[in-house]
Amino acid sequence: MHKLTFFPLGNADCCRIDLESGKQLLIDYADKKCYEDSSDKRIALPAQLKSDLNGRGYYDVVAYTHLDDDHVLGSSEFFHLEYASCYQGADRVKINELWVPAAAIVEDGLEDCARVIRQEARHRLKTGKGIRVFSRPELLKSWLESEGLSLESRADLITDAGKLVPGWNKTYDGVEFFVHSPFAARLDDCSLVDRNKDSLVLHGTFTVSGLDTKVFFGGDVHHEGLEEIVRITRCHGREERIESDIVKLPHHCSYLSLGPEKGTDCTKAMPNIAHMYEKKLSSNAILISSSRSVPVSDEDNQPPHRQAKRYYNGCLSVGGNFEITMEHPTASKPEPLVIEITANRGRIKRPFASGASVAAASVPPRAGA
Amino acid sequence: MYLDAPGGAVGIAQLQVAKAKAFADYIASEKHKYARFIEARKESATGSETVVCDLIVEVSQDRANDIRDIERVAVTFDANDEQAPEVVALRDDFPTVPHLNQRPTDFPRSLCLYAVPYTSTRLRWTPTMFVERIRQWLEQTASGTLHQEDQPLEPVFLGHFPPLIVPSNFLQTISDVHTAGGQAHFSAYATGPAPGTITGFVAVDPNSPNANRTCEHIATAIVAPPQTHGVVQKTPTSLSDVVQVAQDVGVDLLSYLRRYVRELKNRDLSLLSARLILIMVFPKRRYEHLAEEAWEWWGFLIDADIRRLGDKLGVWQVQADGTTPELIPVGSETTNEVQVGIVNPVTQLTKQMAATFNGTAEDTRRFLMVGAGALGSMTLLNLLRKGFGFWDVVDDDIMMPHNGARHALPALFSGGLKVTGMQQLAASLYEATAVNAVLACNVLHPGAARPALEERFQRAQVIVDCSADVAVARHLANDIDSDGRRVSIFLSPGADQLVLLVEDEMRHAKLDTLEMQFYRLLLDTHALSEHYGARGKKLRYGRSCRDLSGVLSSDGISAFAGISSRALERSLSQSAASVSVWKMTEDGSVQLYSTAVRRVHTVSTSGFRIVWHDGVVDKLRWLRGEKLPGETGGALIGCWDLSRSTLYIVDVTGAPSDSIERPTAFIRGSKQLPEWLQAISRITGGAGEYVGEWHSHPDGYGTSPSPDDKKVFMWVEEHLDRDGLPAVILIVGETDMRWVTTDEEGGVVWNYPK
């Protein structure tokens, strides 16, 4: 059994993958909780992750789909980073392998956490250890040369779109990851890298007892990017890489990940995107919007958008699920959304602990005169 | 779409049934994060109240049954809380799944949540627990795990119905008759606390003692083509429903019954007043493509005698005088006017099933039990109930009223032989008794029964002595012709200790030598030193001087019988010999003491044989070694069986403190020795007594008796001759021991094994 955990973080991302083999991967880390505000229902991500780690001290992989705040915030306080001693300490969580898109190496002008992650990624790429960069290799050539390194010496740390992530396979790890983005067509002529567009997009095939469950990790990909991804994938005859049982919807259920127009009641998806959602979702599919509750009005232009939600819901079969991280299990008390993956594909966990068992497992307040 | 829940909508505040109110309040409070309140309803006619809610459950994307992650259910609470709250699924396409309750209509589906009666679940009923139970039912039904793969297939009809007890070969008989193209039928009688209050039915096995019993029912069976589970969800209430069920599975029941009632009438007119139990047999298979793996079968009790049934089938018309002129052609049927009840056929217990229900495999070895007293009878009863062994029982005792206080047989058997009573009891435990034969004789003096007894001994694979008589145990060990392994079970005189002696499979350590090792265990174990000390009280039950019986508690006997039957089964599954003692304290706690059975050695002199074991050898060599280079010695403790000219050495003492122990001389002192011997005698119940002297020789001196040794021997001889017992002295050397007896002045040498 594998396990996916999505945390209630508002419009922000963090997904942990616990593999049957014991390996743990984290896709994005963004702690946007306002700790001063007691009404903030977002989870205290560092405490939750530390508690789940239970002394483990590291993740096998931490992947950043891109370096926007809602995917990296708080990383510099949580992780043990190798490039600078000020980001090191016994209570920090180590990263065995860091996964980043090309932008995280080549882009300048980053600030705060994004800059820290870029520095860490550059350090690792320079030392040639604990890093995987998702990019067309040639794009990194000039940067590597500016650091006095050859592309050949780092080629095995770079994975291009259309490939499986090396080192992971269904036989040993029970999972393989297919890379959809960043892809060359988009980056080839880019003088300025648009980070959202070049978000890391992965398709994971998890297997248990020989039976597969397909998960699409959409990152923050925009409709132009996603339309291209689906088009290219179909061109290559790899329909299975756009089939999904579970989808982490891109960009917090934004209409912009479906098409250019929001629509009055329902967003119209671009043709290839429509093919993916309307033809390639399995029965009883699970769609996850890592977002706040979907507002009923259009006052706020930020995602999630009700028109996009309506579109997604229309793609689901009778037994399918549209899950919003801030509404699971209830909007009043959101909790991590856990999906177990067995030979029967995904199952959203809905455990109920009796009051007595919770009390027994907790520390009561101090008593006495 | 959702179906309507019963009753009319009301507010939660208007609910009056306490559980309904509590349940509605709980759901509405949203304390349970996976339950959502929809509405409350009330049925004015019955007072029952219903709470409708959505339950959110864990389901995999791939499911065995179409259960959705949100299911709407209606929970209906009985006005008086006498019935379990009924939970129905309101979705109008809720699937047919295992574990649904019978209802008069297919929809809504009623969830069968508990296998135990409501009176049990009511004690711990809480809204939370109930919501969780429903969620669990839905989740396990979704994954197909509510009905485990290794569980027997779903009964075609669910619910609780009176049993129809049938012989174990019933299905086979039906199947055989069916295959041969005939119709199977049995007579049956109803059971119940009073006429008209029927709790069940018993089909009469033509071979059973009940074969001649008058029966008011007749049972016939028909075999349907194979079914997978979950065929019928509606309880038939009239004969026309049953006809429909039969038709659904491809059986023309109407024609069958018409033919059958005609046959009954032609066979015997008196059968017209009998009532019919119709048994339908559904061979079951798990999946369409698999072979049938079980037989599901149900009985329908037809609420009309054959006379009226024929009328309703249109076969004949009952006249005012009771005659039944046949209708040609047959008239129209009105089977909807004939009520039916369901009866649940259950096969009678067999020895093999008894073993299964005891969690063990049937044992088919041949056993012979000697002695059917309180402990023996109770132990035997336990073993029979476990399907353990086929038994012959030997005892010449007559059951007396006072035996009934502790015996497996009730006092009502008084006056008869215990073995006959046990035979009858065994025959009533299950079909085909496991007690083959009983012999009413004394094994020591069988008289005319000797040939039969000898034959039984020879056939026995295990002989269990429950006689509580050392003479019998020694007789069984040495005097009878049988390869059977011997076991002896007895209680201490105070009935607070149970002893089990089991020979090894090859019979190297026989019962008599195990008895000696048992004495050694008593001597070595402080907690057992009162084994023979606590003599129980005796009560007089008759006028003759031997009409005395010990006071033993029935619960103590039962507890020990439980231990002995279990220990017997366990010991016989191993090849080694064992000596075990269980001691029970006043508070009922039991402690096991056991000793590793040591190898037994024997030497024969011209007059008798001497038997001892490695425990004695070890002690002698240790005592000798401790005093080297000096000599040492002490008293030999043993037990004479003069009838078999056998001396069993149980133990030896060390040298009393006033002994003189020199390199070439030993003079045994006597300080405390009488007290030691007294204690040994007390602990062993008089079995261990002074039987001679032993002393050691230093290294390099061999064990040939010296002139001094001969004087010691003559001294012993002189003293024991007064008791009529032979003298023995034992010389313990570096490499051997030498037994010196009257007939073997030079002694018989036994070398230590390398």
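Quick note on labels: first sequence line is chain A, next is B, and so on, each numbered from 1.
Distance check: A:F352 CZ to B:K31 NZ gives 10.0 Å after rounding to the nearest 0.5 Å. Note that CG of B:D69 and CD1 of A:I348 are 6.5 Å apart. Values are rounded to the nearest 0.5 Å. Of the inter-residue distances, the one linking A:N284 atom CG with B:R68 atom CZ reads 8.5 Å to the nearest 0.5 angstrom. Taken to the nearest 0.5 Å, the NE2 atom of A:H328 stands 7.5 Å off from the NZ atom of B:K33.
For chain A, the nearby part of B:V57 is the backbone; its heavy atoms alone come within less than 4.5 Å. With a threshold of 4.5 angstrom between heavy atoms, A:L211 does not approach chain B through any atom at all. Proximity to chain B is limited to the side chain of A:T213, based on heavy atoms less than 4.5 angstrom apart.
Contact check for A:T342 versus B:S60: side-chain heavy atoms found under the 4.5 Å cut-off.
Taking 4.0 Å as the cut-off between side-chain N and carboxylate O, A:R350 and B:E58 do not count as a salt-bridged pair.
Counting heavy atoms of neighbouring residues, nucleotides and ligands inside a 6.0 Å radius, atom OH of A:Y35 exceeds 12 of them. Enclosure of atom CD in A:E278 by more than 12 non-hydrogen atoms of other residues, nucleotides or ligands within 6.0 angstrom is indicated.
Between chain A and the residues B:E139, B:R135, B:M129, the largest count of heavy-atom pairs under 4.5 Å involves B:R135.
In terms of heavy atoms, A:P329 sits closest to B:R36 at O-NH2, 3.4 Å. Closest approach of B:D62 to A:A343, counting heavy atoms only: OD2-O, 4.2 Å.
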